[in-house]
2 protein chains.
Amino acid sequence: MNIKEVADRAGLPAKTIRYYEEIGLIRPARAENGYRAFRETDLHKLAFIGRARGLGFTIEDCRALLALYEDQARASADVKALAEAHLTRIEAKLQELQAMKRTLSGLVAACAGDGRPDCPILTGLSDSCCA
Amino acid sequence: MNIKEVADRAGLPAKTIRYYEEIGLIRPARAENGYRAFRETDLHKLAFIGRARGLGFTIEDCRALLALYEDQARASADVKALAEAHLTRIEAKLQELQAMKRTLSGLVAACAGDGRPDCPILTGLSDSCCA
DNA sequence: TCTAGGGGTTCCAGTCATGGGAAGGTCAAG
DNA sequence: CTTGACCTTCCCATGACTGGAACCCCTAGA
C-alpha cells in the first residue's frame with residue numbers, strides 16, 4: 001500500500017502519517033523505489049492512533065497506548081490509569097470552558113448590540129469583574 | 001513603572017508583556033536607560049488583554065477588542081458580533097469535549113483495571129467503534 | 001517516444017501564544 | 001566594591017501538525 005491509500009483508509013492526511021513515522025510511532029517498510037510500503041498492521045496502528053487522537057490523547061499518550069496494545073502481558077490497570085488521567089484533563093478543560101461560556105454569555109446578553117457605543121462587554125473586560 | 005511591577009499588577013508574565021509589545025498590542029515608552037516605561041494606560045490595556053485572553057479570545061480578537069475599546073464611535077454591535085463568534089467557538093469546543101468525555105468514560109467504566117491484559121479501552125481504540 | 005498527470009520523496013518554514021535560557025547592561029543597598 | 005535583583009535583546013523549543021518548493025517515479029494516451 002502506498003501512502004495515499006493508507007491515508008484514505010485510516011482517515012488521516014498523508015502528511016500526518018509521514019510525521020508519525022518521523023517521530024517513530026510507525027515504521028513502515030520501504031519499496032525499492034523509496035516509497036513507503038505499508039502493511040495491514042501499519043494501517044491498523046494508524047487507525048488506532050487516529051481514534052486515540054480523536055479522543056484527545058496526546059501523541060505521547062498514543063505512543064504509550066500503542067506499546068500497551070502490543071504488549072500481550074500488559075495489565076489493564078495501566079491502560080485505565082492513562083485513560084483516567086486523560087479524563088481528568090478533559091474534565092478540567094470542560095470546567096474552564098464552561099466558566100468562560102458563563103461569563104461571556106452574561107456579557108453578551110447584557111450588550112444591546114446596536115449602533116451606540118455603550119458596551120457592557122468592553123466595560124466588563126476593562127474592569128476587574130471576570131474571575 | 002518597570003516591567004516587573006506591571007507584570008505583577010496585570011497578572012501577566014513579563015515575557016508575555018514583551019511579546020505583546022513585539023506584536024504591537026501595546027507601545028510602552030522607553031526610559032533613557034532603555035527600560036520600558038509603562039504608564040497607567042499601558043497597565044490598563046494589559047489587564048484588559050489578560051481578561052480577554054482569560055475568556056479564551058485569541059490575540060487577534062484582543063487586538064480588535066482593544067481597537068473597539070479605544071474607538072469612542074464604535075457600535076456595540078461590532079463588539080457583540082466578535083463575542084458571539086467566540087461564544088460559538090466555545091460551544092463547539094464544549095460539544096467536542098463532551099463527546100470525548102462520554103466515549104472515554106464509557107471505555108474506562110468497562111475496564112476492570114486489574115492485572116489482567118484484557119482491556120476494553122484498547123479494543124475500543126482498535127476497532128472502529130468511536131465516532 | 002514524448003508528455004501529461006498524479007503519485008511519491010525530502011527538507012524547510014510557519015502556525016499560536018508563549019516559555020526557557022544565554023549574554024550582557026543597570027541600579028540600589030550593604 | 002560587590003552582590004543580587006532587575007532590565008535588555010536574541011535565539012531556540014513547545015505540540016501536532018500544515019504548506020510549499022524542488023525533485024523523482026510510474027502509467028496511460030497521442
Side-chain angles (χ1 to χ4, degrees), chain A residues 1-39 42-43 45-46 48-66 85-86 89-90 93 96-97 100, chain B residues 1-39 42-43 45-66 86 89-90 93 96-97 100:
Chain A
M1 260 184 295
N2 282 346
I3 202 167
K4 182 82 179 337
E5 185 180 348
V6 182
D8 291 346
R9 289 176 59 187
L12 291 170
K15 229 149 188 190
T16 297
I17 295 175
R18 289 195 194 96
Y19 172 68
Y20 288 169
E21 182 189 18
E22 191 188 319
I23 62 171
L25 277 187
I26 51 166
R27 302 185 194 284
R30 291 288 175 144
E32 293 197 350
N33 60 8
Y35 288 17
R36 287 168 185 83
F38 295 88
R39 280 151 306 201
D42 296 315
L43 174 57
K45 273 198 203 183
L46 284 168
F48 182 99
I49 298 167
R51 281 188 285 266
R53 293 285 301 126
L55 288 180
F57 284 102
T58 67
I59 290 287
E60 288 316 306
D61 283 340
C62 291
R63 197 188 299 280
L65 286 169
L66 263 185
H86 180 44
R89 288 200 302 270
I90 288 177
K93 191 76 191 163
E96 196 190 337
L97 280 174
M100 285 180 187
Chain B
M1 257 183 297
N2 281 345
I3 201 167
K4 182 84 180 331
E5 187 181 347
V6 182
D8 291 345
R9 289 175 59 187
L12 292 170
K15 260 222 135 142
T16 298
I17 295 175
R18 290 195 195 97
Y19 171 68
Y20 288 169
E21 182 189 19
E22 191 188 320
I23 62 171
L25 278 187
I26 51 166
R27 303 185 195 284
R30 290 288 175 145
E32 294 197 349
N33 58 10
Y35 288 17
R36 287 168 184 82
F38 295 88
R39 280 151 306 202
D42 296 315
L43 175 57
K45 273 198 202 183
L46 285 167
F48 181 99
I49 298 167
R51 280 187 286 267
R53 294 283 302 124
L55 288 179
F57 284 101
T58 67
I59 291 286
E60 289 315 306
D61 284 339
C62 291
R63 197 189 299 280
L65 286 169
L66 263 185
H86 180 45
R89 288 199 302 271
I90 288 177
K93 190 76 192 166
E96 196 191 338
L97 280 175
M100 285 180 187

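- The 5' end of DNA chain D is approached more closely, in terms of each residue's nearest nucleotide, by P13(A) than by the other of Y35(A) and P13(A).
- Across all strands shown, K15(B) has heavy atoms under 4.0 Å from base atoms, whether or not it also approaches the sugar-phosphate.
- The NZ atom of K4(A) sits 13 Å away from the P atom of dT9(C) (whole-angstrom rounding).
- F57(A) comes within contact range of no nucleotide atom at all, as no heavy-atom separation falls under 4.0 Å.
- Remark: side-chain polar atoms of D42(A) are paired, donor with acceptor, to backbone N or O of R39(A) under 3.5 angstrom.
- For the atom pair CD1 (I90(B)) and CE (M100(A)), the distance works out to 6.0 Å, reported to the nearest 0.5 Å.
- Residue E5(B) contributes atom CD, which lies 18 Å from atom P of dA5(D) at whole-angstrom precision.
- Spacing between atom CG of L25(B) and atom C1' of dT18(C) amounts to 13 Å, rounded to whole angstrom units.
- A 4.5 Å side-chain heavy-atom check between I26(B) and I17(B) finds at least one atom pair inside the cut-off.
- Within the structure, a side-chain polar atom (N or O) of T16(B) is placed less than 4.0 Å from OP1 or OP2 of dG19(C).
- dA17(C) atom P lies 18 Å from atom CD of E21(B), rounded to whole Å.
- Contact annotation: Y20(B) does not reach the phosphate of dA17(C) (side-chain N/O to OP1 or OP2, under 4.0 Å).
- In this entry the distance linking CG of L12(A) with P of dC17(D) reads 8 Å, nearest Å.
- Nearest heavy atom pair, residue F57(A) against residue H86(A), reads N-NE2, 3.4 Å.
- R53(B) comes within contact range of the sugar-phosphate backbone alone, with a heavy-atom separation under 4.0 Å but no base atom that close.
- Nucleic acid contact class of I23(B) (heavy atoms, under 4.0 Å, all strands): none.
- Taken from CD1 in I49(B) to CG in L66(B), the straight-line distance is 4.5 Å, to the nearest 0.5 Å.
- The shortest distance between the side-chain N/O atoms of R36(B) and the OP1/OP2 oxygens of dC7(D) is not below 4.0 Å.
- Of the side-chain N and O atoms in N33(B), none sit less than 4.0 angstrom from OP1 or OP2 of dT8(D).
- The CG atom of N33(B) lies 7.5 Å from the CG atom of N2(B); values are rounded to the nearest 0.5 Å.
- Using a 4.0 Å cut-off between charged nitrogen and carboxylate oxygen, K93(B) and E96(A) do not count as a salt-bridge pair.
- Considering only the side chain of I59(B), dA17(C) comes nearest among dC7(D), dG8(C), dA17(C).
- In this structure a side-chain-to-backbone donor-acceptor pair under 3.5 Å is present from R63(A) to I23(A).
- What separates CZ of R18(A) from P of dG19(D) is a distance of 13 Å, to the nearest Å.
- Atom-to-atom, CD1 of I3(B) to P of dT18(C) comes out at 14 Å; the value is rounded to the nearest Å.
- For dT9(D), the OP1/OP2 oxygens have a side-chain nitrogen or oxygen of R30(B) closer than 4.0 Å.
- For the helix from dT1(C)-dA30(D) to dG30(C)-dC1(D), the rotation axes defined at the first and last 5 base pairs enclose an angle of 30°, given to the nearest 10°.
- When the P atom of dA28(C) is taken as reference, atom CG of N2(B) falls 10 Å away, rounded to whole Å.
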